[in-house]
Amino acid sequence: PAEFAALHDRLLQHDLIVTQELSTAYGPLATSALRAERSDLVVIQNIYFQGYHPDCVYVGPMGGRIKSPVGDYHSQVVHDAWRKGRSVAGAVQALHEFPAATARDVFDRSARELLAREAQCDVPISDQVLEPGSAHRRMFTFNHPTIELHRLYLQRIVERLELGFAVG
């Protein structure tokens with residue numbers, strides 16, 4: 001927060017600002033504040049989608065995450081089995097018994113959230129996240145798109161900006 005005003009002043013020196021949606025907690029850097037000042041603001045999506053990883057969670061507070069073999073991410077099912085003292089076989093059984101209805105609910109909720117965030121954006125990408133054929137292969141975890149999804153989104157951003165060169 002102590003640097004928001006200085007960052008804001010630096011941003012205003014540029015011809016174009018591309019940003020993710022930032023809340024009013026960011027003061028003069030908030031998207032709403034920048035939109036009020038600039039017509040050359042382009043808002044892009046913060047790609048976050050839990051639908052393909054319905055039991056993927058963080059364990060521990062921000063800045064103090066407990067690490068797993070996949071970084072900051074854990075399976076809620078496996079974590080719960082560990083806390084209950086279940087065996088590895090019991091944890092695997094719990095994974096196999098993960099309710100399909102829960103997975104569907106997580107997918108639907110996450111899709112609604114993605115579309116609501118996208119409604120505030122200038123460059124859409126949700127169709128590539130929700131596409132039924134191969135979109136599940138475009139997300140490593142709920143907040144880490146693959147390089148392919150980044151490439152697709154960058155291509156759309158460049159087209160939106162009309163920069164006159166191809167990405168691909």
Visitor: Quick check: closest heavy atoms across Ser23 and Ala30, and the distance to 0.1 Å?
Guide: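 Minimum heavy-atom contact is O-CB, 3.1 Å.
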Visitor: Hey, quick one: are Val158 and Ile147 part of the same hydrophobic cluster, counting side-chain heavy atoms closer than 4.5 Å, chains of contacts allowed?
Guide: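 Looking at the clustering, Ile147 is in a separate group from Val158.
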Visitor: Identify the two heavy atoms, one from Gly27 and one from Ala33, that lie closest to each other, and give their separation to 0.1 Å.
Guide: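 What the structure gives for the nearest pair is O-CB, 3.8 Å.
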Visitor: Looking just at side-chain N and O atoms, do His144 and Tyr73 make a donor-acceptor pair shorter than 3.5 Å?
Guide: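 Yes, a side-chain donor-acceptor pair sits under 3.5 Å.
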Visitor: Which donor-acceptor pairs under 3.5 Å do side chains of residues 76-86 form with protein atoms, sequence neighbours excluded?
Guide:
residue: Gln76; atom: NE2; partner: Asp80; partner atom: OD1; Å: 2.7
residue: Arg86; atom: NH2; partner: Gly90; partner atom: O; Å: 3.2

Visitor: Would you compute the distance between atom CG of Asn46 and atom CD of Gln20 and round it to the nearest 0.5 angstrom?
Guide: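 Taking CG in Asn46 and CD in Gln20, the distance rounds to 4.0 Å.
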Visitor: Would you kindly confirm whether Leu130 and Ile125 end up in one hydrophobic cluster when ILVMFWY residues are joined by side chain heavy atoms under 4.5 Å apart?
Guide: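 Linked, Leu130 and Ile125 end up in one cluster.
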Visitor: Listed by chain and number, what are the ring-ring contact (aromatic ring centres under 6.0 Å, His included) partners of Tyr48, not counting sequence neighbours?
Guide: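 Tyr48 satisfies ring-ring contact (aromatic ring centres under 6.0 Å, His included) with Phe142 only.
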Visitor: What residue pairs, at least two apart or across chains, pass salt bridge (charged side-chain N to carboxylate O under 4.0 Å, His left out) with a residue in residues 124-148?
Guide: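 Non-adjacent pairs meeting salt bridge (charged side-chain N to carboxylate O under 4.0 Å, His left out): Asp127-Arg156, Glu131-Arg138, Glu148-Arg151.
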Visitor: Between Gly51 and Pro54, which heavy-atom pair has the shortest distance, and what is it?
Guide: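 Scanning both residues, the minimum pair turns out to be O-CD, 4.0 Å.
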Visitor: How close do Tyr153 and Pro124 get, counting heavy atoms only, and between which atoms?
Guide: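 Minimum heavy-atom separation between Tyr153 and Pro124: CE1-O, 3.6 Å.
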Visitor: When rounded to the nearest 0.5 angstrom, what is the spacing between CD in Gln45 and CG in Asp122?
Guide: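 Going from the CD atom of Gln45 to the CG atom of Asp122 covers 11.5 Å.
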Visitor: Could you check whether any side-chain N or O of Tyr58 sits under 3.5 Å from a backbone N or O of His74, counting only pairs where one atom can act as donor and the other as acceptor?
Guide: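 Here the side-chain-to-backbone pair does not exist.
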Visitor: Do any N or O atoms from the side chain of Gln155 and from the backbone of His150 form a donor-acceptor pair under 3.5 angstrom?
Guide: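 A pair under 3.5 Å: no.
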Visitor: Just how far is it from atom CZ of Phe49 to atom CE of Met139, taken to the nearest 0.5 Å?
Guide: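 Between Phe49 CZ and Met139 CE, I get 8.0 Å after rounding to 0.5 Å.
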Visitor: So, does Ser75 use its side chain to make a donor-acceptor pair with the main chain of Cys56 at under 3.5 Å?
Guide: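 No, because the side chain of Ser75 does not come within donor-acceptor range (under 3.5 Å) of the backbone of Cys56.
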Visitor: Please report the interatomic distance OG1(Thr31) to CG(Leu22), rounded to the nearest 0.5 Å.
Guide: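 The OG1 atom of Thr31 sits 4.5 Å away from the CG atom of Leu22.
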Visitor: For a quick test of your reading: what N or O donor-acceptor pairs under 3.5 Å do the side chains of residues 93-111 make, sequence neighbours left out?
Guide:
residue: Gln93; atom: NE2; partner: Glu97; partner atom: OE2; Å: 2.7
residue: Arg104; atom: NE; partner: Asp108; partner atom: OD1; Å: 3.1
residue: Arg104; atom: NH2; partner: Asp108; partner atom: OD1; Å: 2.9
residue: Arg109; atom: NH1; partner: Glu113; partner atom: OE2; Å: 3.4
residue: Ser110; atom: OG; partner: Gln50; partner atom: N; Å: 2.8

Visitor: Can you tell me how far the CG atom of Leu149 sits from the CD1 atom of Ile47, to the nearest 0.5 Å?
Guide: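 So the CG of Leu149 and the CD1 of Ile47 are separated by 4.5 Å.
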Visitor: Roughly how far apart are Leu114 CG and Ser126 OG, rounded to 0.5 Å?
Guide: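 It is 5.0 Å, given to the nearest 0.5 Å.
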Visitor: If you look only at pairs with a residue in residues 19-39, which of them pass as a ring pair (Phe, Tyr, Trp, His ring centres under 6.0 Å), with sequence neighbours excluded?
Guide: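 Qualifying pairs, neighbours excluded: Phe4-Tyr26.
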Visitor: Side-chain heavy atoms under 4.5 angstrom apart, residues restricted to Ile, Leu, Val, Met, Phe, Trp, Tyr: same cluster for Leu154 and Leu16?
Guide: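 Cluster IDs for Leu154 and Leu16 match.
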Visitor: Test side chain to side chain contact (heavy atoms under 4.5 Å, CB included) on Val123 and Leu161; report intermediate values, then the result.
Guide: CA-CA 10 Å; Val123 184; Leu161 298 175; over 6 Å; no
Visitor: Donor-acceptor pairs under 3.5 angstrom involving side-chain atoms of residues 36-44: please list them, not counting sequence neighbours.
Guide:
residue: Glu37; atom: OE1; partner: His8; partner atom: NE2; Å: 3.3
residue: Glu37; atom: OE2; partner: His8; partner atom: NE2; Å: 2.6
residue: Arg38; atom: NE; partner: Asp40; partner atom: OD1; Å: 2.8
residue: Arg38; atom: NH1; partner: Leu12; partner atom: O; Å: 3.4
residue: Arg38; atom: NH2; partner: His14; partner atom: O; Å: 2.5
residue: Arg38; atom: NH2; partner: Asp40; partner atom: OD1; Å: 3.2
residue: Arg38; atom: NH2; partner: Asp40; partner atom: OD2; Å: 2.6

